[in-house]
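So you know, we letter chains A, B, ... as the sequences are listed, proteins then strands, and number each from 1.
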Amino acid sequence: MATRTFRVWRGDKDGGEFKEYTVETQPGMVVLDGIHRIQAEHAGDLAVRWNCKAGKCGSCSMEINGKPRLSCMTRLNSLPEGTITVQPLKTFPLIKDLVTDVKWNYEQNKRIPPLKPRAREADGHHRMMQEDVDRVQEFRKCIECFLCQDVCHVLRDHHKHDQFVGPRFMIRLAQLEMHPLDTEDRIPKIRKEFGSGWCNITRCCTEVCPEHIGITDNGIIPMKERVVDRYYDPIAWFFKKVFGASNK
Amino acid sequence: MAGPDVSELQTFEHDVLVIGAGGAGLRAAIACAALGKNTGLVCKSLLGKAHTVMAEGGMAAAMGNVDSRDNWKVHFRDTMRGGKFLNNWRMAELHAKEAPERVRELEEWGAVFDRTKTGLISQRNFGGHRYPRLAHVGDRTGLELIRTLQDHGVHQGIHVHMECTILDLLKDGDRVVGALGYWRETGRFVLFKAKAVVLATGGAGKAWRVTSNSWEYSGDGLAMAYIAGAELMDLEFTQFHPTGMVWPPSVRGTLVTEGVRGDGGILKNKEGKRFMFGYIPERFAPETADSEEEANRWLKGDKSARRPPELLTRDVVARAINAEVKAGRGSEHGGVYLDIASRLPAELIKKKLPSMYHQFKELAEVDITTDPMEVGPTLHYFMGGIRVDADSQMTTVPGLFAAGECAAGLHGANRLGGNSLSDLIVFGKRAGDGACDWADKHDGGQIDNEQVLSIIRRATEILNRESGANPFVVQENLQEMMSHNVGIIRVKHELETAVEKLQELKKEAATAKAHATSQYNAGWHTALDLRNLLISAEAVTRAALLREESRGAHTREDFPGERDEWLKYNIFIKRGQDGEMVVEKRERAPGPEGLVAIAYSKIEDLESGAVGAEVK
Ligand SMILES: Cc1cc2nc3c(=O)[nH]c(=O)nc-3n(C[C@H](O)[C@H](O)[C@H](O)COP(=O)(O)OP(=O)(O)OC[C@H]3O[C@@H](n4cnc5c(N)ncnc54)[C@H](O)[C@@H]3O)c2cc1C
Ligand code: SF4
Ligand code: SF4
Ligand code: FES
């Protein structure tokens, strides 16, 4: 019977240590299966977050062999032979074992001005063309796994949580700004309160996104450009907006 | 915790407390907030992670954007036929009528559905729906629904309590006046007082081993309502989705969306035969293609062609797959083949079914643009649940409401794909409105300290117990047992065995231990879920034993075929005076004449106006 050894972080905000557990493996097993075997056989109180076990809910984020990943989508046979190290996301405060406190993200979401749609057409419908919603739909694929937030150095290393909303919410902003029905203007806030200037386009967020969203190139850079347009040349912006050349 | 002081418990007071933050709970909370109520919303997981997030194919609403022949009457008729006429007439009517406006409202709140060529919300074909009817976003419609409601909801002043599990409801006399729960993070208990409580907790699929459901589906709402004295109904109807993954073992049961078949995917056995043509039930024969040639024409949009048999209702397709496997014509790992690769160009598959593409690529190392998928039935959905009033969604316990998968009635003996997401928004709103109406007319009641303490005692015993059963093992045994004895094809002696085994499992569960701190303790959570799983599993088993016929999702090997006699009854479950489970069949009220005529009409007569024209 094949087995695999896991080095799992055990502890809480007061400290902790890695512990090793060995479990039997089955074909196709993912890291989250391994954790579940550990819970059932060795450590019933091991804390881990998960829901769908199908890469759809974004609950099971952790750092596997040092890389932020979804544990339900990481097959054991995709990792190099030997012990597998699993630890919690580093950017957020630890609650216990593999579970971190991600509430900060929910607070950022609340600060973002919601969609303000234009009126419906006379027949009660909204009309939008598929090619105009494609880019919005790309951002709406986000499953809020917060892996991008975890890896972004502005948050991870520089702890600018009070000045930068992070890549996840930059694409939420981009999504609203590019929404064909929207009439709200968030550009001033994107610059000031949400801190678009902090991003220096390292693209680490894009690399880890399990939904393969072009976070940096398709979301953040266009937002940065709109900020620059506006503050560099407000007149041009005004004309664009009034005479319909805008990207809305 | 020997005798904690109830007055020192952390306490929240709301007009309405909504338990569950999937589509139904979020929609209910939004309705309450819109009426200016102080609204609390509790969920076991983080916000936005509820089961609803996994829904793939779409939500059904007769908007007629793709085929203008569609309207609420056709949707209503499809729902009743799919449910084998056991549905609650009024709920099926309200659902079909109100779904389109509920879907359009989502657009107002930011949802971005796939579009038609003229820029309207696009709609796709699905099993049992006569016309393309499912509003969708690729194969991630549930994510779109939950995120839209979440992003809208956080601006409505709703008090969200995340990662908080409710253990039981609190009553003042007959009435529900609150609930007691614990925070997963700390294990501390928390008290909620409310004038009205809405349950939106979803199903109990985790009582089976092969299921598309997540850990949250432990039947908490069903069990809490049952303990509080509410009636449950229709629990024998558990839907096995025909296409779950079968290989590798790690993902056995994970869903493969019906959208694959809606977009042209076909089912084949190991001999390469497209076997569904051999399983068309008489009732559906006039509306189903009888040759591959006709089925292909339908797929190309020929309106005179009839629908392919792969899009028959789920009960029919699941039984057919089961029969093929039993006859030795199954695939390598005990399923059948679902082929989209030979039907659509690779690029289109990736565009229309992106998450299926990734799911198979990453979890099964199968490229669905070149190879067929291996699929088989997986426990998917509870048609049954808590009995509710069709208009207000109030249960049989005053002040307690229920909506979404945990409520019963809309789907009868079998749910059509896509009719759940629309159920959530139609009846989530209605439950919210109903609860507010109740809260307007009633004061907050009295909390009974003794009830609070006994719930706390039950929970803390598990932590204090030094020896006893491993909760994970008890849960696995239950799952194994249910998959074996209360599966897709049922028979008396196995159901009886299940009832016996459930008694043993209950005893074991009562000794479950999770000796450690209460902070984010998975063993403790699992042990606490066991009571609810066991109540749900027992209710299903006993109802299945009583219904001596095969109808919709409930198939009895010893009583094949629908029996007219049984169409008269729904099965109800209630807690008896000594705590025993009481199961009884009760006669259904006859449906309103006009609706009955529509449900049983020939489609031509309905569309020509010969039938149902007077029904508004
Ligand atoms: C893989 C998959 C695909 C599907 N695809 C479709 C589809 O395409 N179309 C369709 O119409 N339907 C589909 N369904 C069915 C549909 O998704 C579900 O029936 C529906 O989402 C249930 O929603 P809900 O609001 O009732 O409950 P859920 O979304 O399951 O939410 C339940 C909520 O209750 C909370 N809860 C439970 N117990 C407690 C407790 N004790 N204390 C506090 N909170 C609690 C949970 O935390 C959660 O927030 C699919 C289902 C699955 C599994
Ligand atoms: S590209 Fe910007 S947002 Fe993304 S990780 Fe780098 S700095 Fe952070
Ligand atoms: S953008 Fe990608 S990485 Fe970031 S939270 Fe969303 S899905 Fe996760
Ligand atoms: S458990 Fe849902 S993404 Fe992993």
(message) At a 4.5 Å cut-off on heavy atoms, which part of B:Trp247 comes close to chain A: side chain, backbone, both, or neither?
(response) side chain
(request) Looking only at non-hydrogen atoms, find the nearest pair between A:Lys96 and B:Thr517 and report the distance. (result) NZ-OG1, 4.4 Å
(request) Sort out for me which of B:Val53, B:Val154, B:Leu363 touches chain A most, counting heavy-atom pairs under 4.5 Å. (result) B:Leu363
(message) I need the A:Glu41 CD to B:Asn470 CG distance, nearest 0.5 Å.
(response) 9.0 Å
(message) Treating B:Lys49 as the side-chain partner and A:Cys57 as the backbone partner, does any N or O pair qualify as donor plus acceptor under 3.5 Å?
(response) yes
(request) Measure A:Lys116 against the heavy atoms of chain B and call it side chain, backbone, both or neither at under 4.5 Å. (result) neither
(message) Measuring only between side-chain heavy atoms, which start at C-beta, is B:Glu107 closer than 4.5 Å to A:His125?
(response) no
(message) Can you tell me which portion of B:Met245 sits under 4.5 Å from chain A's heavy atoms? Options are side chain, backbone, both or neither.
(response) neither
(request) Counting only heavy atoms closer than 4.5 Å, note whether A:Asp12 contacts chain B via side chain, backbone, both or neither. (result) side chain
(request) Taking the side chain as every heavy atom from C-beta outward, state whether A:Met73 and B:Gln359 have any atom pair closer than 4.5 Å. (result) no
(request) Just give me the residue among B:His525, B:Arg147, B:Glu185, B:His152 that pairs up with chain A most often, heavy atom to heavy atom, under 4.5 Å. (result) B:Arg147
(request) Below 4.5 Å from any heavy atom of chain B, which atoms of A:Gln130 appear? Answer side chain, backbone, both or neither. (result) both
(message) Using heavy-atom distances under 4.5 Å, tell me whether A:Val102 contacts chain B through its side chain, its backbone, both, or neither.
(response) side chain
(request) Give, as side chain, backbone, both or neither, the part of B:Ala364 having an atom under 4.5 angstrom from any heavy atom of chain A. (result) backbone
(request) Select one option (side chain, backbone, both, neither) describing which atoms of A:Asn105 are under 4.5 Å from chain B's heavy atoms. (result) neither
(message) If you compare all heavy atoms of A:Met129 against all heavy atoms of B:Lys117, which two are closest, and at what distance to 0.1 Å?
(response) SD-O, 3.7 Å
(request) Take B:Leu120 and A:His126 through the side chain to side chain contact (heavy atoms under 4.5 Å, CB included) test and state the conclusion after the steps. (result) CA-CA 7 Å; B:Leu120 300 177; A:His126 279 303; over 6 Å; no
(message) Quick check against the 3.5 Å criterion: does A:Tyr106 have a side-chain atom that pairs as donor or acceptor with the backbone of B:Leu46?
(response) no
(request) Under 4.5 Å heavy-atom distance to chain B, tell me which part of A:His212 shows up: side chain, backbone, both or neither. (result) side chain
(request) Using a cut-off of under 4.5 Å on heavy-atom pairs, state which of B:Gly110, B:Ser45, B:Gly523 scores highest against chain A. (result) B:Gly110
(request) Pick one of side chain, backbone, both or neither for B:Gln475, based on which atoms fall under 4.5 Å of a heavy atom in chain A. (result) neither
(request) Give a yes or no answer on whether the side chain of B:Asn521 reaches the backbone of A:Ala47 with a donor-acceptor pair at less than 3.5 Å. (result) no
(message) For B:Leu143, which atoms come within 4.5 Å of any heavy atom of chain A: side chain, backbone, both, or neither?
(response) side chain
(message) Need one label for B:Asn213: side chain, backbone, both or neither, based on atoms under 4.5 Å from any heavy atom in chain A.
(response) neither
(request) Give, as side chain, backbone, both or neither, the part of A:Val30 having an atom under 4.5 angstrom from any heavy atom of chain B. (result) both
(message) Tell me whether B:Glu108 is salt-bridged to A:Arg120, with the criterion being a basic N under 4.0 Å from an acidic carboxylate O.
(response) yes
(request) Keeping the roles fixed (side chain from B:Arg115, backbone from A:Met128), state whether a donor-acceptor pair exists under 3.5 Å. (result) yes
(request) Find out whether A:Asn51 and B:Trp215 are in side-chain contact, i.e. whether some heavy atom of one side chain is under 4.5 Å from a heavy atom of the other. (result) yes
(message) Using side-chain heavy atoms (C-beta onward) and a distance below 4.5 Å, is A:Arg140 in contact with B:Thr148?
(response) yes
(request) Return the option, out of A:Gly124, A:Ser78, A:Gly58, with the maximum number of heavy-atom pairs under 4.5 Å with chain B. (result) A:Gly58
(request) Decide, yes or no, whether a salt bridge links A:Arg75 with B:Glu362 under the criterion of side-chain N to carboxylate O below 4.0 Å. (result) no
(request) Check for a donor-acceptor pair, side chain of B:Trp524 on one end and backbone N or O of A:Asp45 on the other, with a separation under 3.5 Å. (result) no
(request) Taking only Lys NZ, Arg NE, NH1 and NH2, and the carboxylate oxygens of Asp or Glu, determine whether A:Asp134 and B:Lys351 approach each other closer than 4.0 Å. (result) yes
(message) I want to check something: taking the side chain as every heavy atom from C-beta on, are B:Pro249 and A:Pro27 in contact at a cut-off of under 4.5 Å?
(response) yes
(message) I'd like to know if B:Arg140 and A:Glu211 make a salt bridge, using a cut-off of under 4.0 Å between side-chain N and carboxylate O.
(response) no
(message) Could you report the tightest heavy-atom contact between B:Gln150 and A:Asn109, atom names first, then the distance?
(response) NE2-ND2, 4.4 Å
(request) Side chain from CB out, backbone as N, CA, C, O: work out which of these in A:Ile112 comes under 4.5 Å of a heavy atom of chain B, or both, or neither. (result) backbone
(request) Could you tell me whether A:Lys53 and B:Glu216 have a side-chain N and a carboxylate O separated by less than 4.0 Å? (result) no
(request) For chain B, find which of A:His36, A:Arg172, A:Gln26 contributes the most heavy-atom pairs closer than 4.5 angstrom. (result) A:Arg172
(message) Quick check on B:Asp114 against chain A: is it the side chain, the backbone, both or neither that has a heavy atom closer than 4.5 Å?
(response) both
(request) Heavy-atom pairs under 4.5 Å with chain A are the metric here; pick the option from B:Met162, B:Met63, B:His155 that has the most. (result) B:His155
(message) Strictly below 4.0 Å, N to O, side chains only: are A:Arg49 and B:Glu163 in salt-bridge contact?
(response) yes
(message) Which atoms of B:Tyr217 are under 4.5 Å from chain A, going by heavy atoms: the side chain, the backbone, both sets, or neither?
(response) neither
(request) Go through the atoms of B:Ala522 and report whether side chain, backbone, both or neither lie under 4.5 Å from a heavy atom of chain A. (result) both
(request) Measure A:Ile95 against the heavy atoms of chain B and call it side chain, backbone, both or neither at under 4.5 Å. (result) both
(request) Could you look at B:Tyr520 and say if it's the side chain, the backbone, both or neither that has a heavy atom under 4.5 Å from chain A? (result) both
(request) May I ask you to decide if B:Val112's main-chain N or O and A:Gln137's side chain share a donor-acceptor pair within less than 3.5 Å? (result) yes
(request) Using non-hydrogen atoms and a 4.5 Å limit, figure out which bit of A:Asp33 sits close to chain B: side chain, backbone, both or neither. (result) side chain
(request) Search all heavy atoms of B:Ala111 against all heavy atoms of A:His179 and return the closest pair with its distance. (result) O-NE2, 4.5 Å
(request) Please look at B:Ile146 and chain A and tell me whether the side chain, the backbone, both or neither of the residue comes under 4.5 angstrom of a heavy atom of that chain. (result) neither
